[in-house]
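The figures that follow rest on heavy atoms only: side chains count, while hydrogens, waters and symmetry mates do not. Quantities reported herein were computed from a predicted structural model and do not represent experimental measurements.
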Amino acid sequence: MRTALAEPDGLLAAGGDLSPARLLQAYTQGIFPWFSEGEPILWWSPSRRMVLFPEQLHVRRSLDKVLRNRPFRVTVDTAFRQVIEACAAPRDGAAGTWIIPPMVEAYCRLHVLGIAHSFEVWMDGELAGGLYGVGLGRMFYGESMFSHRTDASKIAFVHMARHLAGQGVRMIDCQMHTPHLESLGATLIPRTLFLAKLKQSTLEPQADSMWIYHFDNEPS
């Protein structure tokens, strides 16, 4: 990663394609694509990486009440395309989205191959929120999340972290710092430490039950 730029932080390369082989090669080296419509494909490896060590997940009291008292259902890999398209949809106050159609199709191909996965939150029979990412070994690379109902993405994130912790996942890549992720226990670590932990985690085999999950919350 010596060629990664300091400004903009972590820009490593431009060009290439979004084939499954290239994406897998990138992720195993701690590199991810991030670009906008009209730009070449840009590849990034920031000097500091936002990650969640699952055992450090922090659930505030207010969110814990939501998790206990609101009716919802959580599933895995039942609506991947719906989740990524919802993540790609325009958001209030945002100028655009980096999840452009070529990115949607690229990750849908990874999903068909059993590499990209989604966590879905359902309320009143409708998709209320969720997230998607890439799973390699005992490592999960979170890409994006969305909410159509208050706290739905937080519910997805907490269930994702708790489930993957139980499956032996060592680290969840959150890529960039946000106050929201920090409030959930994620922290910034240097690139060198991230790459060392990534190498260890991706070499470990996945548990057979890694992507099998269903949870119904039915408060009394």
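- Criterion: ILVMFWY side-chain heavy atoms under 4.5 Å apart, direct or through other members. Under it, Phe72 and Leu127 are not part of a common hydrophobic cluster.
- One hydrophobic cluster, built from ILVMFWY side chains closer than 4.5 Å, holds both Met50 and Met160.
- Using cut-offs of 30° and 60° on the angle between ring planes, the pair Trp211 and Phe140 is tilted.
- Salt bridge present: Arg68 and Asp64 bring a charged side-chain N and a carboxylate O closer than 4.0 Å.
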(message) Would Arg149 and Glu126 count as a salt bridge (charged side-chain N to carboxylate O under 4.0 Å, His left out) here? Give the steps.
(response) CA-CA 10 Å; Arg149 301 273 289 270; Glu126 297 181 349; 5.1 Å; no
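- Within a 6.0 Å radius of CZ in Arg48, other residues, nucleotides and ligands contribute 12 heavy atoms or fewer.
- Between Tyr213 and Phe215, the ring-plane angle classifies as parallel under the 30° and 60° cut-offs.
- The number of heavy-atom neighbours closer than 6.0 Å to CG of Asp216, taken from other residues, nucleotides and ligands shown, is above 12.
- Remark: aromatic rings of His117 and Phe119 are distant, center separation not under 6.0 Å.
- You'll find the side chain of Leu198 stays beyond 4.5 Å of the side chain of Ser201, heavy atoms only.
- Under 3.5 Å, the side chains of Gln175 and Glu143 contain a donor-acceptor pair of N or O atoms.
- Closest heavy-atom contact between Leu181 and Cys174: CD1-CB, 3.7 Å.
- Listed for the Trp44 side chain is no donor-acceptor partner under 3.5 Å among the backbone atoms of Ile31.
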